[in-house]
Amino acid sequence: MNTIALVGNPNSGKTTLFNALTGSNQHVGNWPGVTVEKKEGKFKYKGNQYNVVDLPGTYSLGAYSEDEVVARDYILKGNPDVVINVVDATNIERNLYLTTQLIEMGTKVVIALNMMDEAKQKNIEIDLKKLSQELGVPVIPTVASKNKGLDTLIEESIQYINENEDSRLTFSYGEDIDKEIEDIRSILESSSLEYPTKWIAVKLLEGDQEIYRLIENKAPDPIKERLISLGEKATEYELEIVDKRYDFIGKIVNKSVKKPSGIIETRTDKIDKIITHKYLGLPIFALIMFVIFQLTFVIGGDIFGGYVATIIETIGEYAVNLLAMIGTPEWLQSFFSEGIFGGVGAVFEFIPLITVLYFFIGILEDTGYMARAAYVMDGLMRSLGLHGKTFISMIVGFGCNVPGVMSTRTLDNKKDRMIALLINPFMSCGARLPIYLVFIAAFFPEHGGIVLFSLYALGIVVALLVGKLFSKTLFKGESSHFIMELPPYRLPIFKYVIRDMWDKVWDFLHRAGTIIFVVVSLLWVLSVLPFGVEPYSQESILGKIGTILAPIFIPAGFGTWQATVSLFAGIAAKEAVVAILGMVYAGVSEGSQLVGALQNVFTPLTAISFMVMTLLYTPCAAVIGTVKQETKSNKWAIFMAIYPFVIGWIAAVIIYQVGRLLGF
């Protein structure tokens, strides 16, 4: 099967092209040995099947981040048959820098000149034939969001795979550097390194540390000696090589691209004057998020929530009655009624709200607004000693803290990356939603949107304050500069928004059906043993464990064994908190009964205290494992398990004790 690799700058439309080519025939994993996301898909064309690999979005192929190393290593070592370089037609000069590096690698490149419709709106004229001639590679105009030009792109790419002739142009880096490159190539010819010799020579002169390490580990002594003499010149050559690439690009653009004289104010520019305003930006962001939470409750709760609860209740009753009819033991009926439908079923009832929330967040991402949110937050982040891009990883953490932690790899500075990684679990992930929702239903049904918004906002505030503390104590030093591209506003492509929403909901269902099922099953066994005690009582093994640990939470107002075991179960998976609450209150098998049970043991004040604890305390085991993988350190994984618990406990105690003093 032939393999096509997609590579391009962030916001070039690469992912949209990938989705358009592969449809639903795609899967996501991680690259071997690293936590960078790996997307692969397949499509059929004229009876043949092709594999498509969507490489991480990157502006260059250096070694400054994991994304760049993964992209270039796959191109050089993964042997794709052709590389489709997705280029934003409205920012062609900047995008072609990556193209020059691809040409340097000696790989087969086809350019998908994307967003041609937006280039036309901006009166940008591109001579496609001239551009193709100057670069020596095929250039195909596309509008991936509207499926325009994709058939031609596929046909040209497949045809290019089978061509043996190489018409790509080479360019000079200047007489001195060209001579150095040839000298290094002649030395490298005797070695058996896995990269093209000319490319290695260029990277050595650029001072690429990854290539230096490769040479030191695998190259013969003469090459290592040559490295010593290159070391003093590397910085000087790096800047010169960059200049030569841009000179090359500038000449090509001058010959093939015509832009209107003067500055044209686009629709995006006009909107950004308001959305990213120095004073209005933050209130607008807060208002947008508040409206989304209100709509989540109205649509997901009031309109659809009751239907799912009724369906689960009906299925639960039918299943238990069926088990009784066929004469199954009472313990099995109890397990299905109180363990499965009382535990896991309690989590499933909140799927409509989670679905609606993910849908609206997806729209914000697809329109380009989330990039503005990070830009708007940059000033505040800077004042707290944090990098502006940290907020991007925080936004990702709203969906799930695992990809939120992984997304911090885009930060080049180690200090910035470690702080962003350690504060991400304070972002309220989707798995915490069922906890909030069941307590809101019990105590704050008229103010659900306000309570939910307040919890998310509190998570952001705590994350920023802790980040400030870390920047002054654990990780002293200067933050790197914040450079971020703001994509133009676009109408969301709803089929992609819905697909992304479904992927996240399916992940939630998968966790509920696997991890939570295992946790609930184990705790159900502990709740009915030893034989002879009343199930779900304080005399059970589970009750005794909870009783031993419960005093920890007495100052926070919820020092019951039931609340305690649910919180500790949440360290395995946050969704398990509601599942265990639904199980330990014997006879609870549906949402309304759980709400009633909670109203008997909690008060509005202790409910708030409990929700704040679940917002801030130890993240789930998957996040702790990801932190270990990202930092390659057991120390930081243990730190991540302990310090949020302490902060969550302190916050919960303060809320409860102050609330009592105020008479609540």
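For reference, positions follow the sequence shown, starting with 1.
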| task | Just do the side chain to side chain contact (heavy atoms under 4.5 Å, CB included) check on Val53 and Phe18 with the steps written out, would you? | result | CA-CA 8 Å; Val53 177; Phe18 175 72; over 6 Å; no

| message | Show, in sequence, the C-alpha distance, side-chain angles and deciding distance for Ile292 and Leu364, and conclude whether the side chain to side chain contact (heavy atoms under 4.5 Å, CB included) test is met. | response | CA-CA 10 Å; Ile292 283 177; Leu364 292 185; 3.3 Å; yes

| Is it true that Asp54 and Lys14 make a salt bridge, defined as a side-chain N closer than 4.0 Å to a carboxylate O? | yes

| Does the distance from a Lys or Arg side-chain N to an Asp or Glu carboxylate O, for Asp247 and Lys251, drop under 4.0 Å? | no

Measure the spacing between [atom1] of [X] and [atom2] of [Y] and express it to the nearest 0.5 Å.
| X | Y | atom1 | atom2 | value |
| --- | --- | --- | --- | --- |
| Lys42 | Thr3 | NZ | OG1 | 9.0 Å |
| Phe43 | Asn48 | CZ | CG | 10.0 Å |
| Leu153 | Leu17 | CG | CG | 6.0 Å |
| Glu206 | Lys203 | CD | NZ | 4.0 Å |
| Ile140 | Leu113 | CD1 | CG | 9.5 Å |
| Ile92 | Ile252 | CD1 | CD1 | 9.5 Å |

Side-chain heavy-atom pair [X], [Y] within 4.5 angstrom cut-off:
| X | Y | value |
| --- | --- | --- |
| Lys148 | Met116 | no |
| Ile111 | Leu131 | no |
| Val137 | Leu102 | no |
| Phe285 | Ile275 | no |

Between [X] and [Y], which heavy-atom pair has the shortest distance, and what is it?
| X | Y | value |
| --- | --- | --- |
| Met394 | Leu464 | CE-CD2, 4.1 Å |
| Pro138 | Val109 | CD-O, 3.5 Å |
| Lys108 | Tyr160 | NZ-O, 3.0 Å |
| Asn9 | Thr58 | ND2-O, 3.1 Å |
| Ala20 | Asn147 | CB-OD1, 3.4 Å |
| Ala71 | Leu61 | CB-CD2, 3.9 Å |

For the backbone of [Y] and the side chain of [X], can you confirm whether one donor and one acceptor N or O come within less than 3.5 Å of each other?
| X | Y | answer |
| --- | --- | --- |
| Asn114 | Val87 | no |
| Asn2 | Tyr50 | no |
| Lys244 | Gly174 | no |
| Asn254 | Gly250 | yes |
| Asp366 | Gly362 | no |
| Asp178 | Tyr173 | yes |

| query | Are side-chain N/O atoms of Glu155 and Tyr45 paired as donor and acceptor at under 3.5 Å? | reply | yes

| message | Is it the case that the side chains of Asp272 and Tyr489 hold a donor-acceptor pair, with the cut-off being a distance below 3.5 Å and no angle test? | response | yes

| field | Residue Lys122 excluded, over 12 heavy atoms near NZ under 6.0 Å | value | yes

| said: Please report whether the ring centroid of Tyr59 lies less than 6.0 Å from that of Tyr97. | reply: no

| query | Are Gln133 and Lys130 close enough, and set up right, to give a side chain to side chain contact (heavy atoms under 4.5 Å, CB included), and what steps lead you there? | reply | CA-CA 5 Å; Gln133 287 175 347; Lys130 188 69 175 175; 4.1 Å; yes

| query | How would you list, by chain and number, every residue that makes a salt bridge (Lys or Arg N to Asp or Glu O under 4.0 Å) with Asp127, sequence neighbours excluded? | reply | none

| field | CA sep, side-chain torsions, deciding dist, call: Arg245, Glu104, side chain to side chain contact (heavy atoms under 4.5 Å, CB included) | value | CA-CA 10 Å; Arg245 288 190 187 121; Glu104 287 172 347; 2.8 Å; yes

